[in-house]
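The structure appears right after this line, and notes come after that.
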Amino acid sequence: MNLESDTISIEEPGHQQMVRQQYTTTTDGSSLERPERQYVYNIGIYGWRKRCLYLFVLLLLIVLVVNFALTIWILKVMWFSPSGMGHLRVTSEGLRLEGESEFLYPLYAKEIRSRVDNSLHLHSSQNVTVNARNSEGQITGRLTVGPGLVETHGQQFQINSDKGKMLFSVDEKEVLVGTDKLVVTGPGGALFEHSVETPLVRADSSKQLRLESPTRSLSMDAPKGVYIKAQTGEIEAISRRDIKLQSSDGSVVLDAEKIFLPKLPQGTKTNSADSSQELYEICVCPDGKLYLSVAATKSTCREYSRDCQ
């Protein structure tokens, strides 16, 4: 058996020459052809490609470090913690926000309340609007607080006391005041364009009560009666035209110690005899007109009834 060897040299760029021997085994009486010379190809990335790869890996490493540093900085600036972010805490009841906060866009919440020992303040440079929506997303109620106007939209507006008693209610049909007393302190009083229904109209103890209709009539109606009373003062009725006291089923009673009719006209006598007597009697014409006649031992109404004709 004979061993034959061939020496193959491999040379790589930037490396020393490597020598590899290849052995061929033959036996006696056999002829083995000598293998042809084999070519060796370089395998790998070399030259400028290798430098570009190293540069790309270095850039990825730099980006990774910068992103990690930015993430740490954002977590520190925003005060991220396992319980929340900054003054915002996540609790079992919802979100808890401490301190002052500014919302640039609409805020949707089921309930907004302050701490037990603090009050809740809502500030805005323009207006504060609170909307209530139904299940379909339509607005059913709105409260807008603007620079010069407080406006509410809804089917009914109601104010209740801390005990649940209705104090004030407004809808399309009526306005209800549930307090025991409604006090109007303005110098111009209260102006009503339509009727007012109330069991009592009373002025303050130190002020006068005045009911006035500047251009139309004033009517007071009650099924059981209208009662007007002045405790310590007087009641005055002034009219440009007639003042009528009418009772359909009853009578008109003037109950007083003194009754004055200062401008009651004096009747004229049939003959033109004049009298300077200062004692008169009141006479009534068939049409209800009152006049004065000179008093005498007998009635003189017929003699002074010329104005009734």
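FYI, side chains are in, hydrogens and waters are out, and symmetry mates aren't considered; it's all heavy atoms of this structure. The model shown is predicted, which means the values in this text are computed figures rather than measured ones.
Residues Q156 and V170 fail the side-chain proximity criterion, which asks for heavy atoms closer than 4.5 Å. When side chains are defined from C-beta on, F56 does not count as touching L58, because their heavy atoms never get closer than 4.5 Å. Residues I282 and L292 are in side-chain contact: their nearest non-hydrogen atoms beyond the backbone lie under 4.5 Å apart. For the pair F157 and S169, the minimum side-chain heavy-atom distance is 4.5 Å or more. Proximity of V175 to F168: side-chain heavy atoms (C-beta onward) are separated by under 4.5 Å at one or more points. Between Q138 and R133 the shortest side-chain heavy-atom distance does not fall below 4.5 Å. Considering only heavy atoms from C-beta on, E281 comes within 4.5 Å of T300 through its side chain. Residues T179 and L167 meet the side-chain proximity criterion, which asks for heavy atoms closer than 4.5 Å.
Note: I72 CD1 to N67 CG = 11.5 Å, rounded to the nearest 0.5 Å. Between atom NZ of residue K165 and atom CD1 of residue I159 there is a gap of 14.0 Å, rounded to the nearest 0.5 Å. Taking CG of N131 as the start and CZ of R142 as the end, the distance is 5.0 Å to the nearest 0.5 Å. Distance check: N127 CG to E151 CD gives 10.0 Å after rounding to the nearest 0.5 Å.
Checking side-chain atoms of T140 against main-chain N and O of A132 turns up a donor-acceptor pair under 3.5 Å.
Within 6.0 Å of CG on D255 lie no more than 12 heavy atoms contributed by other residues, nucleotides or ligands. Other residues, nucleotides and ligands contribute more than 12 heavy atoms inside 6.0 Å of the CD atom of E174.
Criterion: ILVMFWY side-chain heavy atoms under 4.5 Å apart, direct or through other members. Under it, L75 and V77 are part of a common hydrophobic cluster.
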Legend entry - Derivation and outcome, side chain to side chain contact (heavy atoms under 4.5 Å, CB included), residues Q155 and D171: CA-CA 6 Å; Q155 297 180 356; D171 57 16; over 6 Å; no
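Sorted pairs that involve residues 49-74 and meet salt bridge (Lys or Arg N to Asp or Glu O under 4.0 Å), not counting sequence neighbours, are lacking altogether.
The minimum heavy-atom distance between Y291 and C301, with the atom names listed, is OH-O, 2.9 Å.
The salt bridge (charged side-chain N to carboxylate O under 4.0 Å, His left out) check on K298 picks up nothing, with sequence neighbours excluded.
Membership of an apolar cluster is not assigned to V63, as no side-chain contact below 4.5 Å to another ILVMFWY residue is traced.
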